[in-house]
There are 2 protein chains.
Amino acid sequence: MSAPDSSPAFKPLYQQIKILITQSLISGEWRPGEAIPSEIELANRYNVSQGTVRKAINELADENLLIRHQGKGTFVASHTEERRKFHFMRIAPDQGRQVYPDGELLACRRGKADSVMARLLEINTGATLVVVTRVMKVEGRPLAWEEVRLPAALFKGLNASRINEFSCRLYSMFESAYGVRILQVAEQIKAVPAPAEAAQVLGVPEHSPLLNIDRLAYTFGDKPVEWRRTLCDTREFHYMNKIV
Amino acid sequence: MSAPDSSPAFKPLYQQIKILITQSLISGEWRPGEAIPSEIELANRYNVSQGTVRKAINELADENLLIRHQGKGTFVASHTEERRKFHFMRIAPDQGRQVYPDGELLACRRGKADSVMARLLEINTGATLVVVTRVMKVEGRPLAWEEVRLPAALFKGLNASRINEFSCRLYSMFESAYGVRILQVAEQIKAVPAPAEAAQVLGVPEHSPLLNIDRLAYTFGDKPVEWRRTLCDTREFHYMNKIV
DNA sequence: GAGTGGTCTAGACCACTCA
DNA sequence: GAGTGGTCTAGACCACTCA
């Protein structure tokens, strides 16, 4: 490849390399959990300097697509890793250590996307959705009620038993069973009065305050692939966020 | 300076440069809004290569302490800039464009830190606090009730008229009037029943759901300098968060 | 000891800003 | 045109991992 020029759509070399690496991630040439080739190998492959490859890899590592380990290599991020478990999970107990709640499936059924859901998931109105409802529990006590909506076209054959196989670790299942990797999520958070169903499941009075977290989850190319609503009893838990 | 060695407490050169630059930021050698010296000048000053200075500056820019502008220079971040206004402000309307609420001061009084507040703010129990309460409004309609607690030792002479001078832009005032720069915040979010005072101010029924945001704000060296509780009416607004 | 990523340097050239 | 940060290269050496 050549040095940058002054063409109208100038794009630095390292950004072009980033795109090439991302394509190999999408195509599955390098799979979650595996090592990608070393910087030197990639530099030869793309015919650029090691420094340029390094800059591309560093940005992908900043975006949590790759994980670098000095002395070992660079690895494709995977939701099955322990360290990813809490990445998109921001609910923590007020007292004591962070715990990962257990999921208990309530239902897995089919539905149709209304116009709002269609716009959010960038699918057609009326397209088939997989709708999963579940309760999240900590030490047997219900913490949150959750409804997850997925475009059925992306998750063919998804059913209750498959969810239970992965013990409700949905993003891990998306990755392993459907090759769908969740890379980022956008959340909108409100305080709402508990609706009847959630109140009953959580064992709180109807209309008592619950934390409502609406999430859109995205895969490569900022493509939305999951919508979910979490209704969380925050009397002894909280949602945590750091802003730098 | 010399190349890295294998001493027990090995610290890369660029991290040492980061510390030196940070010290100049703390000391006020370079003030908010001003440009710092160019990379070449700093490389000469610290007797390292431009690449090493660059790496230090890039990390400080990633942490939002500095702002780089190609062709112009590198500037010290300031809360008085328009672009910082929404940085720590995560409440947005469900419909329409992001707006910045107006603050309306309710009270500015003195209090004493109880043991919980003392632990959070890393001060002594019984130390004097400045306690500010206010309402945030959008187009005249109350959106949130807020209580802010500050160590009085850091904010000498703070009173209602000074807050009003800065039209309730607290972080801008901290920076300009007290040299206290807020660099990061940690928030814990819950859904709570509206307490009497907030319910009255916000014009919502007592015990109706409000979003409760407890925030600790930190300056250099991860030193906490502000605690605040925001009680927000989220019927037409939400708290937004992106996780990558 | 071989292989990986991490740091550091020196130097070239580019894109952008401003006078 | 001078000055800034941004990209890219080639090469040296270091810290870390694993056999």
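Per chain, numbering begins at 1; letters A, B, ... match sequence-line order. Values reported hereafter were calculated over all heavy atoms of this structure, with side chains retained and with hydrogens, waters and symmetry mates removed.
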Looking only at side-chain atoms of S38(B), point me to the closest of dG5(D), dA15(D), dT7(D).
-> dG5(D)
Runs of at least three consecutive pairs that involve DNA chain D, where pairs are Watson-Crick or G-U with distances under 3.5 Å = C:1-18 with D:1-18
Select one nucleotide: of dC8(C), dG5(C), dG5(D), the one nearest the side-chain heavy atoms of Y14(B).
-> dC8(C)
Is the shortest distance from a Lys or Arg side-chain nitrogen in R162(A) or E165(A) to a carboxylate oxygen in the other one below 4.0 Å?
-> no
Mind calculating the distance between NZ (K55(A)) and P (dG6(C)) to the nearest angstrom?
-> 15 Å
Could you check which of dT4(C), dT9(D), dG5(D) has an atom nearest any side-chain atom of R68(B)?
-> dG5(D)
Nearest to the side chain of E41(B), which nucleotide is it out of dT7(C), dA15(C), dT4(D)?
-> dT4(D)
L183(B), V180(B), L216(B) screened by side-chain contact (heavy atoms from CB on, under 4.5 Å) with V225(B), the one that passes = V180(B)
In terms of side-chain heavy atoms of Q70(B), which of dG5(C), dA15(C), dT9(D) is nearest?
-> dA15(C)
L60(A) has an atom CG; how far is it from atom C1' of dG5(C), in whole Å?
-> 16 Å
Mind checking whether L170(B) and L150(B) have side chains closer than 4.5 Å, heavy atoms only?
-> no
Calculate the interatomic distance between E39(B) atom CD and dG6(D) atom P; express it in whole Å.
-> 6 Å
Rounded to the Å, how far apart are Q15(B) CD and dG6(C) C1'?
-> 11 Å
Are L20(A) and Q23(A) close enough, and set up right, to give a side chain to side chain contact (heavy atoms under 4.5 Å, CB included), and what steps lead you there?
-> CA-CA 5 Å; L20(A) 292 174; Q23(A) 282 169 354; 3.8 Å; yes
Is a side-chain N or O of H69(B) found less than 3.5 angstrom from the main chain of F75(B), in a donor-acceptor match?
-> no
Does any residue of residues 71-82 of chain B have a heavy atom under 4.0 Å from DNA chain C, and if so, which ones, in number order?
-> G71(B), K72(B)
Out of dA15(C), dG6(C), dC8(D), which nucleotide sits closest to the side chain of S49(A)?
-> dC8(D)
If you check the R54(B) side chain, which of dT9(D), dG5(D), dC8(C) turns out closest?
-> dG5(D)
Could you tell me the separation between the CD atom of Q50(B) and the P atom of dG3(D), rounded to a whole number of Å?
-> 14 Å
Using atom CD1 of I67(B) as one end and atom P of dG6(D) as the other, report the distance to the nearest whole Å.
-> 13 Å
Which whole-number value in Å describes the distance from L13(A) CG to dA15(C) C1'?
-> 15 Å
